[in-house]
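Everything on this sheet refers to the single structure shown next.
Chain identifiers are assigned alphabetically (A, B, ...) following the order of the sequence lines, protein sequences preceding nucleic acid strands; residue numbering begins at 1 within each chain. As the structure is a prediction and not an experimental result, all values here were calculated from the model.
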Amino acid sequence: MGERILDREFFDRPSPEVAPDLLGRVLVHGPVAVRLTEVEAYGPPGDDPASHTYRGRTPRNSVMFGAPGHLYVYFTYGMHFCANFVCLPEGMGSGVLLRAGEVIEGADVARTRRHRPGTAAALTGPGRGIPERDLARGPARLAVALGIGREHNGLDCCASPGSPELRALEGDPVDPTAVRCGPRTGVSSAADIPWRFWIDGDPTVSPYRKHVPKTRPV
DNA sequence: CGTGCGATCCGCT
DNA sequence: GCGGATCGCACGT
């Protein structure tokens, strides 16, 4: 697998351009490595009603207005963390939500992180109950599998002096013809914009994704 | 200062 | 398929 760390220039582009290029890339945090299979782009203020930055800069979303290549981690539904890569130059406020991936290293550690004591899954014991493909399927699951939490908000994932705690690697190339795009989900506004990207047929992506035909009318 | 709701997940039906 | 869990944040008053 390509071990080169993605540089800041990679992220210094519009999020709809960065998003499909992130597919197949690998995030590494300690013993766990995840290959990205599904992502969503979110635009700058004013342009994208579904973006956290739509109404301008706030304490919550300030990281997204920072330098590209940093991690924007937010807390939602009172229990979930989700992670984004910041795109565009400092001050623009856009990013890419990491929606799903395949755990390619450290599945045992990822499964332990995902394991919730007190639930029915606990009865089957650690290391059981969660199928391999579900370990990082969904934005909050991916965050748990990678051990990403509030403390990683603002973390620089690009090559920099010293070894970043959490880094984004090149990974193996993805067949360009296997990349699909379609409407984002979970957003009530601007649902028609096809800024969700995924690897066609990958088991870690939700089974059915309506995608935009190649010859779609505009 | 009060309130409505969200880029979700999980378990049960 | 459906609803509950659960809380920080942004906005309106």
Options dG8(C), dC9(C), dT8(B), nucleotide nearest the side-chain atoms of Pro139(A): dT8(B)
Can you tell me which nucleotide in dA7(B), dC9(B), dC9(C) comes closest to the side chain of Leu97(A)? dA7(B)
On the nucleotide [N], are OP1 or OP2 found under 4.0 Å from the side-chain N or O atoms that [X] carries?
X	N	value
His80(A)	dC9(B)	no
Arg55(A)	dC9(C)	no
Arg114(A)	dC10(B)	yes
Thr58(A)	dA10(C)	yes

Pairing of Glu102(A) and Arg133(A) as salt bridge, 4.0 angstrom limit: no
What I want to find out is whether Arg137(A) reaches Asp134(A) closely enough, with some N-O distance under 4.0 Å, to be called a salt bridge. yes
In whole angstroms, how far is the C1' atom of dA5(C) from the CE atom of Met79(A)? 4 Å
For residues Glu170(A) and Leu6(A), determine if any side-chain heavy atom of one lies less than 4.5 Å from a side-chain heavy atom of the other. yes
Report yes if the side chains of Arg113(A) and Val32(A) come closer than 4.5 Å at any heavy-atom pair, otherwise no. yes
Less than 3.5 Å between a donor and an acceptor, one on the side chain of Tyr74(A) and one on the base of dA7(B), is that the case here? yes
